[in-house]
Amino acid sequence: MSRAIAVLRPEPGNAATSAAIEALGLTAIRLPLFEIHAIDWTPPEVSRFDALFLTSANAARHAGPGLTGLRSLPVHAVGDATASAAREAGLQVVAAGDRDGAAMVAAAAADGVGRALLLGGRDRALGSDPIIAEAIAVYASDPVDVGGQALDQLAGSVVLVHSPRAARRVADLVDRAGIDRRTMRLAAISAAAADAAGDGWERIAAAASPDDTALIALARALAD
């Protein structure tokens, strides 16, 4: 019998990922660890930049009308989901990397980008880099309370982690709840997310590319 697969990402992504898992005939545990909401921001003068960096679809979804003045900037995105959300927001995507934020920055630099604007979350994972001229938070991802009974469902499951921050939080929560990490398998969206989870899990692996399709395929393999 296949293991249940726990989905920790915030809504609306949680419902979408869970539905995709259930469409495969598997059991999804819907357990969001964070809640996304837009925050106020002031769009900068677009002429200061030669590219727009997006590492999460949430930036495009929650940035609001401030994106309108940035539509002349070519977008470098991490993953197909982020690229798709950017296009839906009317932005011009020129590159959708299949790894992580650091790889996206390196590829953009190789393409000649020198003054990029990064739009992301208040707790963004991507650090500073010389070609990032400014980074602005356009959304926040705040922790939600998770009860012990809900956490008990994770024992014996495959856990999806969509970010290093989620990996660190689930590791902390299961340790505080006294759940043995050795009963759980982790499917991480990137090597950085896998590293952030730490050691002691029964198995842990990173998806071949930073998108839900690859992550769910990995989780399905780990569930058997």
Side-chain angles (χ1 to χ4, degrees), residues 9-10 13 34 36-142 161-169 188-197 206-215:
R9 67 188 307 197
F34 302 96
I36 302 291
H37 62 90
I39 57 178
D40 292 335
W41 66 289
T42 301
E45 173 52 52
V46 69
S47 62
R48 294 173 47 210
F49 310 101
D50 58 7
L52 175 61
F53 286 172
L54 300 174
T55 59
S56 168
N58 287 314
R61 291 171 181 156
H62 295 278
L67 283 179
T68 302
L70 304 178
R71 287 177 175 169
S72 63
L73 293 176
V75 173
H76 294 252
V78 174
D80 291 339
T82 303
S84 178
R87 294 187 185 100
E88 289 175 6
L91 300 174
Q92 177 189 359
V93 178
V94 297
D98 59 0
R99 292 174 60 192
D100 56 16
M104 176 199 67
V105 171
D111 287 342
V113 172
R115 302 180 316 280
L117 170 64
L118 170 65
L119 298 185
R122 191 163 57 196
D123 299 287
R124 64 181 183 275
L126 184 62
S128 60
D129 188 277
I131 71 169
I132 299 177
E134 186 173 355
I136 300 176
V138 299
Y139 72 92
S141 177
D142 294 331
V161 286
H162 279 79
S163 68
R165 187 176 178 221
R168 288 189 291 269
R169 184 153 192 247
I189 200 162
S190 66
D195 290 342
S209 58
D211 58 73
D212 235 27
T213 301
L215 185 58

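All residue numbers refer to positions in the sequence shown, counting from 1. In this text the structure is predicted, and so the values were computed from the model without any measurement.
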Could you report the tightest heavy-atom contact between [X] and [Y], atom names first, then the distance?
X	Y	result
A96	G79	CB-O, 4.2 Å
F49	A133	CE2-CB, 3.9 Å
A206	A194	CB-CB, 4.5 Å
P10	S141	CG-OG, 4.4 Å
L67	A89	CD1-CB, 3.8 Å
A77	T82	CB-CG2, 3.8 Å

Holding to salt bridge (charged side-chain N to carboxylate O under 4.0 Å, His left out), I want the full list of residues that pass it with [X], two or more places apart in sequence or in another chain.
X	answer
D80	none
R165	D123
R122	D142

Minimum side-chain heavy-atom gap L54-V75 below 4.5 Å: yes
Query - Heavy-atom side-chain proximity of L91 to L73 below 4.5 angstrom - result: no
Side-chain polar contacts of residues 41-48 - donor-acceptor pairs under 3.5 angstrom, sequence neighbours left out - could you list them?
unit_1, atom_1, unit_2, atom_2, d
W41, NE1, A63, O, 2.8
E45, OE2, S47, N, 3.3
E45, OE2, S47, OG, 3.2
R48, NH1, E134, OE1, 2.9
R48, NH2, E134, OE1, 3.1

Taken in chain and number order and not counting sequence neighbours, the residues that satisfy side chain to side chain contact (heavy atoms under 4.5 Å, CB included) with A95 are H76
Sorted by chain and number, sequence neighbours left out, side chain to side chain contact (heavy atoms under 4.5 Å, CB included) with R61 holds for A57, N58, A85
Say you draw a straight line from [atom1] of [X] to [atom2] of [Y]; how long is it, rounded to the nearest 0.5 Å?
X	Y	atom1	atom2	value
I131	D111	CD1	CG	9.5 Å
L118	T55	CG	OG1	6.0 Å
I39	H62	CD1	NE2	11.0 Å

Check: G114 main-chain N/O paired with D50 side-chain donor or acceptor under 3.5 Å: yes
Q) Please walk me through it: do R9 and D212 pass salt bridge (Lys or Arg N to Asp or Glu O under 4.0 Å)? A) CA-CA 11 Å; R9 67 188 307 197; D212 235 27; 3.3 Å; yes
Result for side chain to side chain contact (heavy atoms under 4.5 Å, CB included) between F53 and one of D129, L119, V113 points to V113
